[in-house]
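These notes concern the structure reproduced below.
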Amino acid sequence: MILSNPKGTQDFLPPYGDQKALVENEFRKVVSLYGFSEIVNPTFEHTELYLRSTGLTTDIVTKQMYTFTDKGNRELALRPEGTPGVVRAVLQNKLKLPVRLFYIGPMFRYERPQKGRYREFFQLGVEVIGESEPETDVEIIEMGMRFFNQINLSDLIVKVNSVGCPICRPKFRVQLRLFLDKNLEQICDDCKIRVEQNPMRVFDCKVEKCKEIYHDAPKISDNLCYDCQNHFQAVLKELNERKIPFELDKMMVRGLDYYTRTAFEFVPTGSSELGSQDSVGGGGRYDNLVEDFGGPKTPAIGFALGLDRILICLGNALTSRKLVYIIALDAQALKQGRQLLDTLRNAEIPALINPPDKNLRAALGIADNLSCEYVIIIGANEMQKKVYTLKNLTQRSQQEIPQDKIVEVLSKK
RNA sequence: GUGAGUGUAGCUCAACUUGGUUAGAGCACCUGACUGUGGCUCAGGAUGUUGGGGGUUCAAUUCCCCUCACUCACCCCA
């Protein structure tokens, strides 16, 4: 069947395409208040970029990348996430630090699609490169919350944790490993694999039995080194002072290898439409990534929001369009209508004119289908009286407006 | 990658259990009643390779196998 989209992709049909753009623009507005500039990166990069950043132990890299060899024998991958590309661009172009960047665009991961999870999905992301202060962490968390408020998605908290750094994490891993080895008999099969590959991920397990056991396990946030501990305390204090609704979640560990210190997730609280996915976004510090790429030691932090999931949460909250539909009833009126169409558009009022052969009833039906807010009727009566009949479709009301006042009247609406 | 469930008109679904002449309904759509007033009403109309392929059978939407798609969950993540 040719007439079908590839698995895990979606068409944003009207009005969802418009709604998507609306959310993107709100995001642009909010982040620009915090001094972020938009960066547009390629949709594919050298595969190696992701191997060295996102991490060799992550599923994203080991199983989910869309990789291909191009005609010049380059090993490339459709981007599974945005951060590596941004960091690469910053280093390559030697941007002055600190820098605040945001991006909007599609990401690709080969996995089984389900509710709120697609092979092509859209992310809204921010990266702050070159700022180490705990206040920055809180500032961008607060910015995220402000964005969610702005789009009326306020039933939401942020889960916060610290995942340490290369100084404290290895020590902790040994400690955790000891604990897990003692309980190896009781944990599930998946967790047994995690113990070998990446012990901290056991905290993500959804099996009740495992959760009970891990309740008593040592936690990374209780075993931070001096600097990480100070940083984390400062973040928590600042979150409290700024009255940001957060929850300290010592079990939260994030999936990407490069995270250090502060990690967080935006989680809807109300009756979620997201199925088994619980977060609409997440992020954290990655203080070593720039150095890992061969750059100078540079602290950084960022987050990514799932646009598709946000749209699911918003549901059918549709905004009525401010589209004006002009209906001309005869040839003379049509000529007048076409002039009016130009006038309206020049005044930045979105407008359409009906095809000449439709009668009034049918034309109103079309206006209805297009969910126009206003209709302007031009017929012999209007031509004679030098007025337009302006009809409000939602209020089912109409009035005659002098022809030279129409732009003025519509501009106010 | 693993497991479960669904695919019938544009949409939501019925008929399948116990195979049997032209596969139905509601909404939507088209036409008209209504030749300058849309969401209502009434009358009429069009619509399906029953996801695709194969098998069993005199006969398959119905039973069996394969495949594809969707949904849900696991895994993982936005």
Side-chain angles (χ1 to χ4, degrees), chain A residues 1-10 13 54-55 57-65 79-83 104-125 144 188-191 193-194 197-198 201 204-207 252-256 259 264-268 274-284 302-313 325 327-330 333 354 358-383 389-398:
Chain A
M1 188 73 157
I2 296 166
L3 283 182
S4 68
N5 56 321
K7 192 184 184 78
T9 64
Q10 41 183 348
L13 304 173
T54 310
T57 71
T58 61
D59 281 15
I60 291 179
V61 163
T62 55
K63 315 182 199 165
Q64 299 181 347
M65 275 209 292
R79 62 181 180 194
E81 57 144 342
T83 304
I104 297 173
M107 305 294 160
F108 307 86
R109 291 180 198 171
Y110 189 89
E111 54 188 334
R112 277 284 262 273
Q114 58 181 268
K115 199 177 186 86
R117 208 161 96 185
Y118 311 96
R119 289 183 173 181
E120 182 188 36
F121 59 102
F122 293 82
Q123 284 192 335
L124 310 166
C188 70
D189 290 347
D190 285 333
C191 278
I193 297 169
R194 293 187 181 103
Q197 293 181 347
N198 196 338
R201 294 252 173 87
D204 276 336
C205 188
K206 288 177 183 168
V207 178
M252 187 187 65
V253 288
R254 307 233 352 118
L256 310 184
Y259 282 119
F264 56 93
E265 267 178 22
F266 296 103
V267 184
L274 285 179
S276 74
Q277 333 308 328
D278 46 8
S279 81
V280 292
F303 68 65
L305 310 180
L307 181 50
D308 314 83
R309 290 185 186 175
I310 289 169
L311 291 175
I312 290 173
C313 290
Y325 197 69
I327 301 173
L329 296 172
D330 56 47
N354 75 305
K358 295 283 180 188
N359 63 31
L360 183 54
R361 167 182 289 273
L364 281 169
I366 293 169
D368 218 19
N369 284 338
L370 291 169
S371 56
C372 297
E373 200 170 358
Y374 294 99
V375 161
I376 290 173
I377 300 170
I378 314 172
N381 296 346
E382 284 81 4
M383 293 297 280
T389 296
L390 178 66
K391 191 171 171 63
N392 184 316
L393 286 183
T394 49
Q395 290 172 10
R396 298 184 77 88
S397 63
Q398 68 181 53

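Residue numbering restarts at 1 for every chain, and letters A, B, ... go by the order of the sequence lines. The model shown is predicted, which means the values in this text are computed figures rather than measured ones.
- Of the listed nucleotides (B:A69, B:A78, B:G1), B:G1 has the atom at the smallest distance from the side chain of A:R112.
- Between the side chain of A:K391 and the base of B:U37, a donor-acceptor pair under 3.5 Å is found.
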Assess the residue pair A:M65 and A:T54 against the criterion (side chain to side chain contact (heavy atoms under 4.5 Å, CB included)); give the C-alpha distance rounded to whole Å, side-chain angles, the decisive distance to 0.1 Å, and a yes or no. CA-CA 11 Å; A:M65 275 209 292; A:T54 310; over 6 Å; no
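- The shortest heavy-atom contact between A:C372 and A:L393 is O-CD1, 3.4 Å.
- The side chain of A:K7 contributes an N or O atom lying less than 4.0 Å from OP1 or OP2 of B:C70.
- Pairing for B:G48 is absent, judged as Watson-Crick or G-U wobble with the two contacts each under 3.5 Å.
- Between A:A363 and A:Y325, the shortest heavy-atom contact is O-CE2, 3.6 Å.
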Stepwise side chain to side chain contact (heavy atoms under 4.5 Å, CB included) test for A:Y374 and A:I376: CA-CA 7 Å; A:Y374 294 99; A:I376 290 173; 5.7 Å; no
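- Nucleotides B:C63 and B:G3 place their P atoms 23 Å apart, quoted to the nearest Å.
- With rounding to whole Å, A:F108 atom CZ is found 14 Å from B:A78 atom C1'.
- At the phosphate of B:A73, OP1 or OP2 sits under 4.0 Å from a side-chain N or O atom of A:Q114.
- A sub-4.0 Å separation between OP1 or OP2 of B:A78 and a side-chain N or O of A:R254 is present.
- Ranked by how close their nearest RNA chain B nucleotide is to the 5' end, A:G282 and A:G379 are led by A:G379.
- If you check every strand for non-hydrogen atoms under 4.0 Å, A:D204 touches sugar and phosphate atoms only.
- Toward the 5′ end of RNA chain B lies the nearest nucleotide of A:I377, the other residue of the pair A:I377 and A:T9 mapping further downstream.
- Looking at A:L329, A:I327, A:L360, A:V375 one by one, the single match for side-chain contact (heavy atoms from CB on, under 4.5 Å) with A:N354 turns out to be A:I327.
- Atom CG of A:L364 is separated from atom P of B:U35 by 13 Å (rounded to the nearest Å).
- The phosphate of B:C76 (OP1 or OP2) has a side-chain N or O of A:R194 nearer than 4.0 angstrom.
- Applying the Watson-Crick and G-U wobble criteria (two distances, each under 3.5 Å), B:U22 pairs with nothing in any strand.
- B:U61 and B:G54: their P atoms are spaced 13 Å apart (whole Å).
- Judged by distance alone, with hydrogens and angles left aside, A:E382 brings a side-chain donor or acceptor within reach of the base of B:G36, the pair sitting under 3.5 Å.
- Put simply, CG on A:L329 is 10 Å from C1' on B:U37, counting in whole angstrom units.
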Go through A:R309 and A:F121 one step at a time and tell me if the side chain to side chain contact (heavy atoms under 4.5 Å, CB included) criterion holds. CA-CA 9 Å; A:R309 290 185 186 175; A:F121 59 102; over 6 Å; no
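- Distance, A:L13 CG to B:G10 P: 16 Å, rounded to whole Å.
- In this structure, A:D59 reaches the sugar-phosphate backbone alone: every heavy-atom distance under 4.0 Å involves primed, P, OP1 or OP2 atoms, never a base.
- Base-pair partner of B:C42: B:G32 (Watson-Crick or G-U wobble, both distances under 3.5 Å).
- Look at CG on A:D189: it is 21 Å from P on B:G1, rounded to the nearest Å.
- At a threshold of 4.0 angstrom between heavy atoms, the contacts of A:G116 include nucleobase atoms, whether or not backbone atoms are also involved.
- Looking at heavy-atom distances under 4.0 Å, A:F266 makes no contact with the nucleic acid at all.
- Within the nucleic acid shown, A:L393 comes within 4.0 Å of at least one base atom, counting heavy atoms only.
- Across all strands shown, B:G10 is found opposite B:C27 as a Watson-Crick or G-U wobble partner, with both distances under 3.5 Å.
- At the heavy-atom level, A:G82 lies nowhere under 4.0 Å from the strands shown.
- Summarising the base pairing, B:A73 is matched to B:U2 through a Watson-Crick or G-U wobble pair whose two defining distances lie under 3.5 Å.
- Residue A:L360 contributes atom CG, which lies 11 Å from atom C1' of B:U35 at whole-angstrom precision.
- For B:U56 and B:A14, the C1' atoms lie 27 Å apart once the distance is rounded to whole Å.
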Using the side chain to side chain contact (heavy atoms under 4.5 Å, CB included) rule, take A:L124 and A:I310 through it: C-alpha gap first, then chi angles, then the decisive distance, then the call. CA-CA 10 Å; A:L124 310 166; A:I310 289 169; 4.1 Å; yes
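- Put simply, CZ on A:R119 is 15 Å from C1' on B:C77, counting in whole angstrom units.
- Using a 4.0 Å heavy-atom criterion, one finds that A:A380 contacts the bases of the nucleic acid, with or without backbone contacts as well.
- Nucleic acid contact class of A:Q398 (heavy atoms, under 4.0 Å, all strands): base.
- Distances from the side chain of A:K115 to the nucleotides B:C72, B:A78, B:U37 place B:C72 closest.
- Backbone-only contact: A:A304 has heavy atoms under 4.0 Å from sugar-phosphate atoms and none from a base.
- Protein atom CD1 of A:I312 is 10 Å distant from nucleotide atom P of B:U71, rounded to whole Å.
- Contact check, A:K206 against B:C74: a side-chain N or O comes under 4.0 Å of OP1 or OP2.
- Listed by chain and residue number, A:E382 satisfy the side chain to side chain donor-acceptor pair (under 3.5 Å) test with A:T389 (two or more places apart in sequence, or in another chain).
- With both pairing distances under 3.5 Å, B:A60 is matched to nothing as a Watson-Crick or G-U wobble pair.
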